[in-house]
Protein chains: 2
Amino acid sequence: MNDIVNITKALADENRLKALIALRDRELCVCQIIEFLGLAGSTVSKHMSILKQAGLVKTRKQGRWIYYGLAGRNAPAPVRDALRWLLKHLNSGRISSADKKKLEKVYRTDPEVLCRIHRRK
Amino acid sequence: MNDIVNITKALADENRLKALIALRDRELCVCQIIEFLGLAGSTVSKHMSILKQAGLVKTRKQGRWIYYGLAGRNAPAPVRDALRWLLKHLNSGRISSADKKKLEKVYRTDPEVLCRIHRRK
DNA sequence: ATTATATTTCGTTATATGGCGAAATATAAG
DNA sequence: CTTATATTTCGCCATATAACGAAATATAAT
């Protein structure tokens with residue numbers, strides 16, 4: 001029961017849902033997610049921690065960056081099915097064009113550049 | 001997007017999940033749900049209102065009682081799929097025996113009797 | 001070794017949410 | 001019509017949670 005509650009609570013925040021959508025096609029590092037969501041780094045870090053705790057995302061380190069990606073095929077069935085539900089129903093038609101533009105910009109921009117921008121703030 | 005967020009937020013409470021599980025096999029009136037969850041009537045009413053707002057449950061009135069039931073086949077796909085996810089992964093093996101006993105007692109007891117009990121408190 | 005940097009953790013604040021009892025409401029029962 | 005009753009709404013309180021900035025941390029880069 002607790003694993004299910006952890007999943008449902010992790011999904012109960014709009015920004016966390018958006019982060020999961022952003023990870024649909026590829027991994028992203030924290031500063032890319034920061035850019036996409038428009039939140040403070042500490043806030044994004046906490047949100048991603050909640051998603052990771054629930055098993056919905058995984059992490060890997062590369063260089064100075066930590067990349068977050070959606071949980072893979074070996075994730076528990078409740079996680080896999082929840083992600084399937086989410087991605088099925090949050091297709092492109094339900095995402096605002098503003099969010100789509102932001103996401104395209106994030107995909108296009110080097111993490112190095114984004115991190116430099118955020119360091120300035 | 002908002003409909004999805006409403007669903008995920010509605011599912012992000014253990015008592016609400018339990019209420020949905022209780023409704024799996026049959027409709028229940030408020031005082032039966034009160035008995036099962038062991039919460040105040042006003043609390044149960046608010047929880048069920050959230051579930052109804054999210055489209056996860058429907059209501060019908062019979063006599064003095066309002067019966068809550070799971071959303072039906074004509075519910076929107078996100079709702080149907082979310083319920084399918086929940087019921088699939090919250091099968092009997094994941095529910096405590098205490099909860100199972102409570103639920104069996106609730107199924108067995110006439111609403112008339114339960115309501116009288118709760119009126120005394 | 002030192003410095004730079006991406007990320008996480010911590011502390012604070014504002015807002016949201018779950019729980020309760022009391023009051024209000026809708027309407028069934030007598 | 002009046003009374004009884006199941007449920008909902010309201011008001012209050014305690015706790016949880018999202019957001020931010022600053023400090024701490026891990027480790028890559030020099």
Side-chain angles (χ1 to χ4, degrees), chain A residues 2 5-6 8-19 27-54 57-69 106 109-121, chain B residues 2 5-6 8-19 27-54 57-69 106 109-121:
Chain A
N2 277 346
V5 176
N6 286 338
T8 60
K9 280 179 186 276
L11 295 177
D13 177 77
E14 186 168 353
N15 283 312
R16 289 203 286 275
L17 291 182
K18 287 181 176 176
E27 295 175 313
L28 294 173
C29 68
V30 176
C31 61
Q32 287 174 310
I33 300 169
I34 286 167
E35 180 70 21
F36 173 52
L37 296 180
L39 298 172
S42 56
T43 304
V44 169
S45 189
K46 194 153 84 178
H47 281 313
M48 300 314 291
S49 175
I50 289 165
L51 291 173
K52 189 175 177 185
Q53 276 291 304
V57 298
K58 62 190 176 183
T59 59
R60 72 177 178 89
K61 183 138 189 191
Q62 181 180 307
R64 281 173 287 153
W65 288 278
I66 300 200
Y67 285 87
Y68 284 81
V106 162
T109 316
D110 198 298
E112 192 87 57
V113 176
L114 286 174
C115 284
R116 199 179 304 141
I117 292 176
H118 290 135
R119 211 181 310 144
R120 291 247 171 88
K121 296 182 178 179
Chain B
N2 277 346
V5 176
N6 286 337
T8 59
K9 280 180 187 275
L11 295 178
D13 177 76
E14 185 168 353
N15 283 313
R16 289 203 286 276
L17 291 182
K18 287 182 177 177
E27 294 174 314
L28 295 173
C29 68
V30 177
C31 61
Q32 288 174 310
I33 301 169
I34 288 169
E35 180 69 19
F36 173 53
L37 296 180
L39 297 173
S42 55
T43 305
V44 169
S45 190
K46 196 155 83 176
H47 281 313
M48 300 314 291
S49 175
I50 290 165
L51 290 172
K52 189 175 176 185
Q53 276 291 304
V57 298
K58 62 191 175 184
T59 59
R60 70 178 179 89
K61 184 137 188 189
Q62 180 180 307
R64 278 172 290 154
W65 289 279
I66 300 199
Y67 284 86
Y68 283 81
V106 163
T109 317
D110 199 296
E112 191 86 61
V113 176
L114 286 174
C115 283
R116 199 181 302 141
I117 292 175
H118 291 137
R119 212 183 307 147
R120 293 250 171 88
K121 297 181 177 179

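If you're wondering where the values come from, they're calculated on a predicted model, not measured in any experiment. Each chain gets a letter, A, B and so on, in the order the sequences are listed, and its residues count up from 1.
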Non-hydrogen atoms of Ile34(B) and Gly41(B) that approach each other most closely: CD1-CA, 3.4 Å
Strictly under 4.0 angstrom, non-hydrogen atoms only: write out the protein contact profile of nucleotides 15-21 of chain D, one letter per nucleotide from the 5' end, B, S or -. ---BBBB
Starting from P on dT7(D), measure out to CD1 on Ile117(B) and report it in whole angstrom. 14 Å
Base versus backbone protein contacts along nucleotides 23-30 of chain C [heavy-atom cut-off under 4.0 Å; B, S, -]: ----SSS-
For Glu14(B), which residues count as a side chain to side chain donor-acceptor pair (under 3.5 Å) partner, sequence neighbours excluded? none
Between atom CD in Gln53(B) and atom C1' in dT17(C), what is the gap in whole Å? 16 Å
With sequence neighbours excluded, tell me which residues meet side chain to side chain donor-acceptor pair (under 3.5 Å) with Lys9(A). none
Mind calculating the distance between CG (Asp110(B)) and P (dA6(D)) to the nearest angstrom? 11 Å
Report yes or no: does Thr109(A) contribute a side-chain atom to a donor-acceptor pair with the main-chain N or O of Leu114(A) at less than 3.5 Å? no
Using atom CD1 of Ile66(A) as one end and atom P of dT27(D) as the other, report the distance to the nearest whole Å. 9 Å
Separation of dA6(C) P from Gln32(A) CD (nearest whole Å): 12 Å
Starting from the first five and the last five pairs of the helix from dA1(C)-dT30(D) to dG30(C)-dC1(D), work out the angle between the resulting helix axes, to 10 degrees. 30°
If I take atom CD1 in residue Ile34(B) and atom P in nucleotide dG19(C), what distance separates them, rounded to the nearest angstrom? 13 Å
Leu28(A) side chain reached by Phe36(A) side chain, heavy atoms, under 4.5 Å: no
Distance in angstrom units between Glu112(B) CD and dT7(D) C1', rounded: 15 Å
Length of the line joining Tyr67(A):OH and dT8(C):P, which is rounded to integer Å: 13 Å
Would you give the length of the straight line joining atom CD of Gln32(B) to atom CG of Asp110(B), rounded to the nearest 0.5 angstrom? 8.0 Å
In Å, rounded to the nearest 0.5 Å, how long is the span from SG of Cys31(B) to CD1 of Ile66(B)? 11.0 Å
Check the pair Trp65(A), Glu112(A) against side-chain contact (heavy atoms from CB on, under 4.5 Å), reporting the backbone distance first and the verdict last. CA-CA 9 Å; Trp65(A) 288 278; Glu112(A) 192 87 57; 3.4 Å; yes
Quiz: residues 43-54 of chain B side-chain donor-acceptor pairs under 3.5 angstrom, not counting sequence neighbours:
| unit_1 | atom_1 | unit_2 | atom_2 | d |
| --- | --- | --- | --- | --- |
| His47(B) | ND1 | Arg16(B) | NH1 | 2.9 |
| Lys52(B) | NZ | Thr59(B) | OG1 | 3.0 |

Kindly say if Tyr68(A) contacts the phosphate of dA6(C), meaning a side-chain N or O under 4.0 Å from OP1 or OP2. no
Provide the closest heavy-atom pair for Leu11(B) versus Thr8(A) in the form atom of the first, atom of the second, distance. O-OG1, 3.1 Å
